[in-house]
Amino acid sequence: MAVLYRKAISSLDKILPVRFHPFWNHAAGPKTIFFWAPTFKWALVIAGLADLERPAEKLSLTQSGALAATGIIWSRYSMVIIPKNWNLFSVNVFVAITGLYQLYRIYDYRKGGKLEAK
């Protein structure tokens, strides 16, 4: 599998336009896991956005809390590591925002459901 990956990357290296080389060869670029892991993490954001349609009584407090906490923690971490990984930062900011919004919806529902009545 690694041999196939290296051959594919080598082939792409030859045909890639010069203007894309800084992005392609960046320490957090598409040749590394530091690019692909945050890229696939956007699925969590999409799932969080899909949960906006879910009634507040069916939301999980622990899941929303975990998403908000990890989003906040990893957003900070992505700005401390070298090189700065803006893809990791942006996905985690959105994970935190969706988690925090779901926590607000749960809180509002348990408090009296004023948000759901609107």
Side-chain angles (χ1 to χ4, degrees):
M1 185 74 147
V3 172
L4 181 64
Y5 172 78
R6 280 190 222 108
K7 284 187 180 194
I9 293 298
S10 177
S11 297
L12 288 171
D13 279 338
K14 295 173 186 170
I15 62 170
L16 192 70
V18 176
R19 67 176 180 224
F20 293 119
H21 282 202
F23 170 70
W24 182 252
N25 294 316
H26 190 269
K31 290 183 177 182
T32 69
I33 189 68
F34 307 114
F35 174 81
W36 292 107
T39 300
F40 284 107
K41 194 172 182 178
W42 280 101
L44 288 176
V45 175
I46 294 167
L49 293 174
D51 279 349
L52 295 176
E53 298 295 319
R54 183 179 290 192
E57 66 267 12
K58 293 189 177 183
L59 295 174
S60 168
L61 179 64
T62 53
Q63 179 182 353
S64 298
L67 286 173
T70 58
I72 292 166
I73 291 166
W74 282 97
S75 294
R76 170 70 177 121
Y77 173 75
S78 65
M79 292 293 95
V80 175
I81 59 173
I82 297 173
K84 290 191 181 351
N85 191 333
W86 293 103
N87 189 15
L88 182 63
F89 176 73
S90 61
V91 72
N92 282 301
V93 166
F94 279 92
V95 167
I97 289 169
T98 55
L100 290 169
Y101 183 69
Q102 298 295 37
L103 286 173
Y104 172 73
R105 289 183 60 214
I106 294 167
Y107 168 77
D108 190 65
Y109 172 76
R110 291 184 180 178
K111 187 176 90 173
K114 293 177 186 170
L115 181 68
E116 297 297 320
K118 291 181 182 178

Exercise for the section: Sorted by first residue and then second, give each ring pair (Phe, Tyr, Trp, His ring centres under 6.0 Å) pair with at least one member in residues 49-86; sequence neighbours left out. Expected result: Trp74-Tyr77, Trp86-Phe89

Handout entry: Residue pairs involving residues 30-63 (criterion ring pair (Phe, Tyr, Trp, His ring centres under 6.0 Å); sequence neighbours excluded)
Key = Phe23-Phe35, Trp42-Phe94

Donor-acceptor pair, side chain of [X] and main chain of [Y], under 3.5 angstrom:
{"X": "Thr70", "Y": "Ala66", "answer": "yes"}
{"X": "Asn85", "Y": "Leu88", "answer": "yes"}
{"X": "His26", "Y": "Pro83", "answer": "no"}
{"X": "Ser64", "Y": "Gly99", "answer": "no"}

Nearest-0.5 Å distance, [atom1] of residue [X] to [atom2] of residue [Y]:
{"X": "Asp13", "Y": "Ile9", "atom1": "CG", "atom2": "CD1", "value": "6.5 Å"}
{"X": "Tyr104", "Y": "Lys111", "atom1": "OH", "atom2": "NZ", "value": "6.0 Å"}
{"X": "Arg54", "Y": "Ser60", "atom1": "CZ", "atom2": "OG", "value": "9.0 Å"}
{"X": "Leu4", "Y": "Lys7", "atom1": "CG", "atom2": "NZ", "value": "8.5 Å"}
{"X": "Arg110", "Y": "Glu57", "atom1": "CZ", "atom2": "CD", "value": "11.0 Å"}

Are [X] and [Y] packed together at the side-chain level, in the sense that at least one heavy-atom pair is separated by less than 4.5 angstrom?
{"X": "Leu67", "Y": "Thr98", "answer": "no"}
{"X": "Leu52", "Y": "Gln102", "answer": "yes"}
{"X": "Ser78", "Y": "Lys84", "answer": "no"}

Problem - Nearest heavy atoms of Val95 and Lys41, plus distance in Å - result: CG2-CE, 4.5 Å

Problem - Heavy-atom closest contact (Lys31 atom, Tyr5 atom, distance) - result: O-OH, 2.9 Å

Problem - Under-4.0 Å salt bridge between Arg105 and Asp108 - result: no

Handout entry: Shared hydrophobic cluster for Ile46 and Leu49 (ILVMFWY, side-chain gaps under 4.5 Å)
Key = no

Exercise for the section: Say whether Val18 and Ile15 are linked into one hydrophobic cluster, either directly or through other cluster members, by side-chain heavy-atom distances under 4.5 angstrom. Expected result: no

Exercise for the section: Indicate whether any N or O donor in one side chain lies under 3.5 Å from an N or O acceptor in the other, for Asn87 and Thr39. Expected result: yes

Fill in the blank from the handout: Residues joined to Leu61 in its hydrophobic cluster, side chain to side chain under 4.5 Å directly or through other members, sorted by chain and number, are Leu59, Ile72, Leu100, Leu103, Ile106

